Amino acid sequence: MARTDVVIAGYAETKVVYQSGRSAYDFAGLALSELLGKTGIAKDEIDGLSVTLALSEGANPFFAVYMADALGLTPSWLNAGGIGGCSAVGGVARAMWAIREGMCRIAVVLSADAPSTAFRANYGAYRPEFQDPPGVQGPPATFGLLMSRYDHQFGLDPRALGKIAITQREHALRNPNALDKFRKPLTMDDYLASRSIADPLRVLDCVMYCDGANAFLVMSAEEARARGIEKVVHPTAYAEVTNHNGADPLADITDSGFYRIAPQVFARAGLTPSGIHIFQPYDDFTIAVLMQLEAFGFCATGEGSAFVRDTDLSFTGTLPLNTGGGQISAGQPGLASGGLNLAEAVRQLFGEGGERQVPGVRNALVTGIGVIPYGRNWGCSAAMILEV
């Protein structure tokens, strides 16, 4: 049975920018200031803090503690989110659990990163020994392999991926927080003519590292009512899995953890795919969006191309997709990117979507993807259903 005792009572988001010259701490301060201003919460009332680890602060093992210091907060509950693009929805879930256990009363889930200004991550593990020497150039190369395997197994229509990119670009045109470079129209000819960077993956299938931040206010529904906060959303279901099929040395790379958690998150919310009003999936690459449509049951596995071609994914369509443009067309603010899609979901449910507002929206499915290993599917999968 879905629980509605804890709510998201506010959100904030900075503009996504490229090579800002600012730090993750700077962007965090901007997001927190906006959040406090919008909700009327005093900073000294915040006693819980979840911080997403940042690519731009990769060398700092105490990043969450330093963030609390930089913001002048004294939390009684602190969480450092280390599951990449899953850390925002995962941070909200963990804040909910902390509030229910009495560890804190008012929590902020904060993600801030500036990798286009300073990239300091060193992944270690097998990468320096096995992945870097063959010249695997990061996530695009890995997703190029994933696309090739998917195409071999099921067939992949580039025009379906192009439609995802074009639809999200149309949404970004209506999003003032989107990266200015991406607030330009995109056509199918533009997409098909874009250069291949990891065959068959095109440059317009990808995100671009940028800088930015987002923040969410989490408290009990009772606390929100006592404070007169009327706009809230209920995270009614959450599920996550890390290292799906981890014991299988030859796991099918097209089999993601979403196949495992999708039934869980729908069952906990008491919903089905046909009941989802808007879909805000983590979208570091267009193929990830198509594969998630399959994994969450909007269509059968292998039928993603046909589903995308035949479905209106615009904000006025039958399944509005990443209505703020997603990371592909708003820019990817490093590991704060998981909060980008979450912020858009909350914005839509608050009725604050402006020119891109989806009429009558009552729920949203938001997902996260974290970590891109080599020769396997993505490392972390998370999903959250929000309702009003």
Side-chain angles (χ1 to χ4, degrees), residues 16-28 49-70 78-91 94 109-146 197-198 201 206-214 240-244 246 249 251 253 257 282 284-285 288 327 331-340 368-382:
V16 179
V17 293
Y18 180 68
Q19 292 187 341
S20 65
R22 307 186 73 169
S23 72
Y25 300 105
D26 290 337
F27 282 101
L49 179 65
S50 177
V51 178
T52 298
L53 300 184
L55 296 169
S56 57
E57 292 291 328
N60 183 358
F62 306 113
F63 179 51
V65 178
Y66 274 76
M67 182 62 78
D69 183 34
L78 180 68
N79 176 63
I83 49 177
C86 300
S87 296
V89 288
R94 287 158 175 77
V109 177
L110 178 67
S111 302
D113 204 352
S116 71
T117 292
F119 189 98
R120 299 188 178 98
N122 180 5
Y123 300 117
Y126 56 82
R127 291 195 181 211
E129 185 175 1
F130 295 107
Q131 188 166 335
D132 295 342
V136 179
Q137 296 298 310
T142 304
F143 266 83
L145 292 172
L146 176 59
I197 58 174
L201 185 141
C206 306
V207 293
M208 186 173 79
Y209 274 149
C210 298
D211 306 341
N214 44 74
E240 71 177 51
V241 63
T242 297
N243 204 26
H244 179 59
I253 63 173
Y282 193 91
D284 44 358
F285 297 90
Q327 300 162 60
Q332 186 188 55
L335 296 185
S337 56
L340 193 80
I369 290 175
V371 190
I372 310 300
Y374 179 68
R376 301 187 66 82
N377 201 271
W378 46 80
C380 306
S381 303

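Quick caveat: nothing in here was measured; it's all calculated off a predicted structure.
- Contacts of Arg94 classified as salt bridge (charged side-chain N to carboxylate O under 4.0 Å, His left out), with partners at least two apart in sequence or in another chain: Glu240.
- In this structure, CD in Gln19 is found 9.5 Å from SG in Cys210, a value given to the nearest 0.5 Å.
- Residues meeting the side-chain contact (heavy atoms from CB on, under 4.5 Å) test with Ala80, sequence neighbours left out: Leu53, Ala64.
- Asn60 meets the side-chain hydrogen bond (donor to acceptor under 3.5 Å, both in side chains) test with Tyr25; sequence neighbours excluded.
- Across Phe63 and Val51, no two heavy atoms sit closer than the pair CE2-CG1, 3.7 Å.
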Can you check side chain to side chain contact (heavy atoms under 4.5 Å, CB included) on Val207 and Ser337, steps first, answer last? CA-CA 10 Å; Val207 293; Ser337 56; over 6 Å; no
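- In terms of the side-chain contact (heavy atoms from CB on, under 4.5 Å) criterion, residue partners of Leu55 (sequence neighbours excluded) are, by chain and number, Asp113, Pro115, Phe119, Ala121, Tyr123, Tyr209, Leu335.
- Residue pairs meeting the salt bridge (charged side-chain N to carboxylate O under 4.0 Å, His left out) criterion with at least one partner in residues 54-67, sequence neighbours excluded, are Glu57-Arg120.
- The two residues Asn79 and Ser50 make their nearest non-hydrogen contact at ND2-OG, 2.9 Å.
- Residues that satisfy the side-chain contact (heavy atoms from CB on, under 4.5 Å) test with Ala288, not counting sequence neighbours, are Phe143, Asp284, Gln292, Ile369, Trp378.
- Residues that satisfy the side-chain contact (heavy atoms from CB on, under 4.5 Å) test with Ser20, not counting sequence neighbours, are Val17, Arg22, Phe27, Thr117, Asp211.
- The two residues Ile253 and Leu145 come nearest to each other via the heavy atoms CD1-O, 4.1 Å.
- Across all non-hydrogen atoms, the minimal contact from Cys86 to Gly370 is SG-N, 3.7 Å.
- The two atoms that bring Ala336 and Asn214 nearest to each other are O-ND2, 2.9 Å, heavy atoms only.
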Would you check, one step at a time, whether the test side chain to side chain contact (heavy atoms under 4.5 Å, CB included) holds for Leu110 with Met67? CA-CA 10 Å; Leu110 178 67; Met67 182 62 78; 3.9 Å; yes
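- Pairing each heavy atom of Ala114 with each of Ser56, the nearest pair is N-OG, 3.1 Å.
- Counting heavy atoms from C-beta on, the side chains of Tyr282 and Ser381 never come closer than 4.5 Å.
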